[in-house]
Amino acid sequence: MAPPEGWRWRLGVLLGYLLLGVLFTWPLALHLGESVIQKGDLPVDAAQGVWNLWWARSALLAGENPFVTRMLFHPATLNLLYQTLSLPNALLALPVLLLAGPVAAFNSVALLSFGLGGYWIYRLARAFTLDRFAALAAGFVFVFTPYHAQRVWSGPLELIATHWLALYALLLARALARRGPASVAGAALALVIATLASQYYGLYAAVYTVFYVILAALLAPREARWPTFLSGAGIGALWAAMLLPLVIWAGGLGAAVLEDWYARQVYHSVALVDLAAPNVRHPLWGGAAEAWLSQRHPFGPEGGAGMGLGVAILIGVALWRSRGRAWPWALLALLMLLLAMGPQLRLTAAESPVPGPFLLLDLFAPFRNSSRPAIFVAIMLIPVAVLVALGMAALRPPATERGAMGAVRWGPVLAALVVIESLVAPWPLMRLRAAPESLALNADPTPGAVLDLPPRLNDSVGLLNQICHGRPIMGGYLARIPFYPIVAASSATRGLWLAAEPLPDIVPRDPAAELASLGARFVVLDLTQLPRADQRRLREQLAVPGISRFSASDRREIYAVDPAAARPVAVLGAGWYEAEREGARRWRWMGEEAEVLLLARERSVVILSWRATAYGAPRPLRVRLGDRRLIEVGVPAAPYDRTVVLRLILPPGQTTLTLESRAENVADGRRLSLSLSEVRLTALPVSATWAATDPLDIPPTRPAISAPPCR
């Protein structure tokens, strides 16, 4: 337990770290409302963090669930709980977010990460050293070492915000010391907040908790061991219990394990050589250090695992002079380092046959989906900071002995070394601005989505534009890109998405009808990103009745989709092989199952038909609508075929039919069951009143904000 301190001193410590954070990120403080620190030439993670704050603000003001959005990959509904939403950071900066906009709120959170993170680690170290100067050094090391600098440099707000980890570490220690219901609940709540701020931090902090609680219980007096252990178990149980309603509210975790999860983990892990690397952002030797480390471990500069010589010496002093108090923290730091090294314990980037303990975590799906073990460095910094404090305290003799100046001077010398090693070169700032045409799209009274071409899946330019036009977009930038059925196979939208030549297929293509049925209102061509050949192909596909030019400049052309052009259309979803042809005949093979997507802007009665031929021998064809089987028919083998006709009532939006049949392997490696050709969808006349009773649910256009990036 940290000793009591006056509120003036505590406030001074907090403001001191905050002021150091302002100096560390200079000249960011001069441009808080308009620019961000972001590596590279394009807005990526930092701009995504700005969008996250805008979306949280928009959802909260509208009384909506912020963990669910229909603003990205329209017309899908996406679960953001497993993305980088970082809702606690939006709530932390809510006054700034409401008054000055998302860019200023983003920078406010970044600066607060220095103030709050440093202060809470100071309080933690104060409890274990009872030395103010040593505790101040611990807080400095936690927020100013290379890991945090690299997070600021790369821009992901959820990882910049290490202060939630610091708060949890403090409350965890307090809960195991007090072992009362209130302190246990407070620690569990802090872990929930850390999890919602960053799933990586929450998940990895839970692992830290297991080791911390075991060590604390083993080191406690015999009569306190079980109460200590039960307090730790209570924190874990309450954490899970508090998260469960949020998972249900958001509709589940909403993420699948990536196929290349192991390769991703190996790449995004720490190698031992990283620990020896000096600060790669340093104004004097940063460039040389980055070049040296990149040759040995390309991911090393991004990981930020190097602590510096000063920190290493202080850890050594702690283990030498205060080993009785230091060894548990050193063990915790070592365990977190081993986990940060991922599934292989490597010296450099070269493959290693030595497995890492992270493989044990990979037995659980959430960890297999966490592709960056190096983030355990953030957790490792907690025990490292306490070790620094113990080392610094060991160099400061009691006040009665401080006449021996030879013993006193090493503390300030090493503190100065740590500060010098933590210096960074001036940060280049990126000014965030949306396309000026975005406000014109916001002013248009007709609701509907925006299709940006080319699709921006690897940067946040489209997200910045969306903040200002306020419309759902057909695409977006997310940490985990979802499956997008409308561009999975044959559709006019896919042809626009890829800027491909519109080749004949088994399904007729009608860009105007398809886009209008999807609820699209605008198609935006970014001429600065499209080659001339792609521009020509896109203009040809958009030069159809129902689509007209809305505006044009030397940078962008905007086309408006007339909602009246909508009619029911069929497109192919997942499960189809490429189209084949012989003369005028065209067909596509399917495997075990394939999807046909039926799009309608309003309630419709349609006739869907196609011709089917079985591969090799007659096969059954089953057609499902969701879990309901519509028909099952036999399909003859070539040269014969069967015409299948369905009469359906379509609700507005997307209806997915699943076709199923028995497939077999063929010589070219495919699994084939049936081929389909001449897929046709015909709308039957219906009453206009009946059709309009259930209109397409298009997310409303959000009001434009009068702050950057919109002005």
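All of these numbers come straight from a predicted model, not from anything done at the bench.
- Applying the ring-ring contact (aromatic ring centres under 6.0 Å, His included) test to Y204 and every residue at least two apart in sequence or in another chain returns Y200, F376.
- Between L91 and L97 there is no side-chain heavy-atom pair separated by less than 4.5 Å.
- Across all non-hydrogen atoms, the minimal contact from V424 to P283 is C-CD, 3.6 Å.
- Considering every non-hydrogen atom in both P343 and S269, the closest pair reads CD-OG, 3.9 Å.
- We find the CG-CG distance between L464 and D459 to be 9.0 Å, quoted to the nearest 0.5 Å.
- The number of heavy-atom neighbours closer than 6.0 Å to CZ of F229, taken from other residues, nucleotides and ligands shown, is 12 or below.
- L196 is not listed as a side-chain neighbour of L85, based on a closest heavy-atom distance of 4.5 Å or more.
- In this structure, Q265 contributes its side chain and F367 its backbone to a donor-acceptor pair below 3.5 Å.
- When atom types are taken as modelled, the side chain of S294 and the backbone of A291 share no donor-acceptor pair closer than 3.5 angstrom.
- For the pair P3/R126, a side-chain contact is recorded, criterion being any heavy-atom separation below 4.5 Å from C-beta on.
- Once rounded to the nearest 0.5 Å, the distance linking CG of L28 with CZ of F106 reads 9.0 Å.
- For the pair T145/L381, a side-chain contact is recorded, criterion being any heavy-atom separation below 4.5 Å from C-beta on.
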Going by atom type alone, with no hydrogens or angles, which donor-acceptor pairs under 3.5 Å involve a side-chain atom of residues 159-179 and a protein atom two or more places apart or on another chain?
from: W164; atom 1: NE1; to: N89; atom 2: OD1; distance (Å): 2.8
from: Y168; atom 1: OH; to: T209; atom 2: OG1; distance (Å): 2.5
from: R179; atom 1: NH1; to: L176; atom 2: O; distance (Å): 3.3

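- The side-chain hydrogen bond (donor to acceptor under 3.5 Å, both in side chains) check on W55 picks up nothing, with sequence neighbours excluded.
- Here the shortest heavy-atom pairing between A104 and A100 reads CB-CB, 3.7 Å.
- Taking all atoms of both residues into account, the shortest heavy-atom contact from P66 to A59 is CA-CB, 3.8 Å.
- Rounded to the nearest 0.5 angstrom, S198 OG and I193 CD1 are separated by 14.0 Å.
- Here the side chain of N369 pairs no donor or acceptor atom with the backbone of P366 at under 3.5 angstrom.
- For Q38 (side chain) and S154 (main-chain N/O), a donor-acceptor pair under 3.5 Å exists by modelled atom type.
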Practice task
List the steps, then state whether side chain to side chain contact (heavy atoms under 4.5 Å, CB included) holds for L11 with Y119.
Solution key: CA-CA 9 Å; L11 180 61; Y119 172 74; over 6 Å; no
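- For the pair E158 and R151, the salt-bridge criterion is not met [side-chain N within less than 4.0 Å of a carboxylate O].
- Taking the six-membered ring for Trp, F114 and F144 have ring centres closer than 6.0 Å.
- Counting only heavy atoms from C-beta outward, the side chains of L463 and Q48 approach each other to under 4.5 Å.
- Using a 4.5 Å heavy-atom cutoff, the side chains of F140 and V419 are in contact.
- N279 places a side-chain N or O within 3.5 Å of a backbone atom of L423 that can act as its donor or acceptor partner.
- Across every non-hydrogen atom of Y477 and S460, the tightest pair is CD2-OG, 3.3 Å.
- Put simply, the side chain of R323 gets close to the backbone of W320: a donor and an acceptor are under 3.5 Å apart.
- Within the structure, ring pair (Phe, Tyr, Trp, His ring centres under 6.0 Å) contacts touching residues 283-318 (residues at least two apart or in different chains) are Y267-F299, H268-F299, H282-W285.
- Using modelled atom types, one side-chain atom of N52 and one backbone atom of T84 make a donor-acceptor pair closer than 3.5 Å.
- When atom types are taken as modelled, the side chain of W239 and the backbone of G234 share no donor-acceptor pair closer than 3.5 angstrom.
- One finds a salt bridge joining R132 and E5 here, because a Lys/Arg side-chain nitrogen approaches an Asp/Glu carboxylate oxygen to under 4.0 Å.
- Taking each heavy atom of V311 and V418 in turn, the nearest pair found is N-CG2, 3.9 Å.
- The side-chain heavy atoms of T25 and N107, taken from C-beta on, include no pair separated by under 4.5 Å.
- Rounding to the nearest 0.5 Å gives a distance of 11.5 Å between CD of E302 and CG of L293.
- Under the rule for a side-chain hydrogen bond (donor to acceptor under 3.5 Å, both in side chains), Y17 has no partner lying at least two apart in sequence or in another chain.
- To the nearest 0.5 Å, atoms CG (L332) and OH (Y212) are separated by 8.0 Å.
- The backbone N or O of A134 lies less than 3.5 Å from a partner atom in the side chain of D131, making a donor-acceptor pair.
- Between atom CG of residue L238 and atom CD1 of residue I235 there is a gap of 8.5 Å, rounded to the nearest 0.5 Å.
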Problem - Residue pair L87, F67: steps toward the side chain to side chain contact (heavy atoms under 4.5 Å, CB included) verdict - result: CA-CA 9 Å; L87 184 62; F67 294 110; 3.7 Å; yes
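- Remark: side-chain polar atoms of S352 are not paired, donor with acceptor, to backbone N or O of R346 under 3.5 angstrom.
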Practice task
Output, in order, the C-alpha distance, side-chain angles, deciding distance and verdict of side chain to side chain contact (heavy atoms under 4.5 Å, CB included) for R325 and F128.
Solution key: CA-CA 9 Å; R325 290 187 296 163; F128 288 98; 5.9 Å; no
Exercise for the section: Take V270 and L337, measure what side chain to side chain contact (heavy atoms under 4.5 Å, CB included) needs, and give me the verdict at the end. Expected result: CA-CA 8 Å; V270 170; L337 173 61; 4.2 Å; yes
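- A cation-pi geometry, defined here as NZ or CZ lying under 6.0 Å from the six-membered ring centre and within 45° of its normal, holds between R480 and Y82.
- Taking the side chain as every heavy atom from C-beta outward, V384 and M307 approach each other to under 4.5 Å.
- Counting only residues at least two apart or on different chains, no ring pair (Phe, Tyr, Trp, His ring centres under 6.0 Å) pair has a member in residues 331-353.
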